[in-house]
Amino acid sequence: MTNRPKWPTPLPVQRALRQLGEDVVTWRKLQGLTAAQVADRAGVNVNTLRSFEHGEGSISLENALRITRALGLVEKLASSLDPYATDVGRLRTEEKLPDRVRTRRTGNA
């Protein structure tokens, strides 16, 4: 029995995986590092690094972060998700966010 995902990977996610992989390869080459060196610094198997570089979604988020850390990019990646760096986030900085978000009920209950 194979462990296939329940849902196919959406095309935008596939494109993002490929782009991230290409960018990691470019950063690695710009720094003059071999795949083996980056894998060693990241504490991952070279095959894991290769999977990431080829845009395969089969590696864990932790390993992806280990690899970006080995290239000096983990802070850049983490800060790219800062909600307050967006126009919407800046507009809503003064608002108190709810403790949790609930599904809104419709009038047809």
Side-chain angles (χ1 to χ4, degrees):
M1 182 186 287
T2 61
N3 289 336
R4 291 192 300 179
K6 192 172 184 178
W7 296 283
T9 305
L11 289 176
V13 173
Q14 289 177 24
R15 283 192 294 270
L17 286 168
R18 274 194 309 274
Q19 186 62 56
L20 283 170
E22 290 171 11
D23 291 346
V24 164
V25 170
T26 302
W27 275 107
R28 178 173 61 75
K29 289 179 178 179
L30 284 171
Q31 295 179 35
L33 298 170
T34 67
Q37 288 171 315
V38 172
D40 184 57
R41 291 178 184 186
V44 300
N45 186 292
V46 74
N47 291 331
T48 299
L49 174 63
R50 291 287 188 209
S51 291
F52 190 44
E53 289 184 343
H54 291 111
E56 297 168 9
S58 59
I59 73 166
S60 70
L61 178 57
E62 179 181 348
N63 284 339
L65 292 173
R66 285 172 170 266
I67 292 165
T68 56
R69 179 180 170 271
L71 293 168
L73 304 170
V74 72
E75 289 83 12
K76 186 181 216 51
L77 182 61
S79 68
S80 72
L81 296 176
D82 179 2
Y84 294 109
T86 66
D87 291 340
V88 172
R90 282 189 293 273
L91 287 171
R92 298 187 68 186
T93 56
E94 300 300 319
E95 292 181 28
K96 181 182 181 318
L97 296 177
D99 291 331
R100 47 185 227 200
V101 177
R102 298 175 189 230
T103 304
R104 293 184 184 185
R105 291 185 178 196
T106 60
N108 302 345

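Atoms considered below: every heavy atom in the structure, side chains included; atoms not considered: hydrogens, waters and symmetry mates.
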Stepwise, does the salt bridge (Lys or Arg N to Asp or Glu O under 4.0 Å) test hold for E22 with R18? CA-CA 6 Å; E22 290 171 11; R18 274 194 309 274; 5.5 Å; no
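- Under a 3.5 Å cut-off, the side chain of R28 and the backbone N or O of L33 do form a donor-acceptor pair.
- R66 has its side chain within reach of N63: a pair of non-hydrogen atoms, C-beta onward, lies under 4.5 Å apart.
- Note on L20 and L65: separate hydrophobic clusters, where clusters join Ile, Leu, Val, Met, Phe, Trp and Tyr whose side-chain heavy atoms are under 4.5 Å apart, directly or indirectly.
- Residues I67 and I59 meet the side-chain proximity criterion, which asks for heavy atoms closer than 4.5 Å.
- Atom OG of S58 sits about 9.5 Å away from atom CG of L17, to the nearest 0.5 Å.
- When hydrophobic clusters are built by joining Ile, Leu, Val, Met, Phe, Trp and Tyr residues whose side-chain heavy atoms come closer than 4.5 Å, directly or via intermediates, Y84 is not grouped with L81.
- Here the straight-line distance linking atom CD of E56 with atom OG1 of T9 works out to 11.0 Å at 0.5 Å rounding.
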Go through V38 and Q31 one step at a time and tell me if the side chain to side chain contact (heavy atoms under 4.5 Å, CB included) criterion holds. CA-CA 10 Å; V38 172; Q31 295 179 35; over 6 Å; no
Give every donor-acceptor pair under 3.5 Å between a side-chain atom in residues 43-50 and any protein atom, sequence neighbours left out.
unit_1 : atom_1 : unit_2 : atom_2 : d
N45    : OD1    : N47    : N      : 2.7
R50    : NH1    : E53    : OE1    : 3.1

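- Scanning for salt bridge (charged side-chain N to carboxylate O under 4.0 Å, His left out) contacts around D87 gives R90, with sequence neighbours left out.
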Report the C-alpha separation of D23 and L73 in whole Å, then their side-chain angles, then the decisive distance to 0.1 Å, and conclude whether the side chain to side chain contact (heavy atoms under 4.5 Å, CB included) test is met. CA-CA 11 Å; D23 291 346; L73 304 170; over 6 Å; no
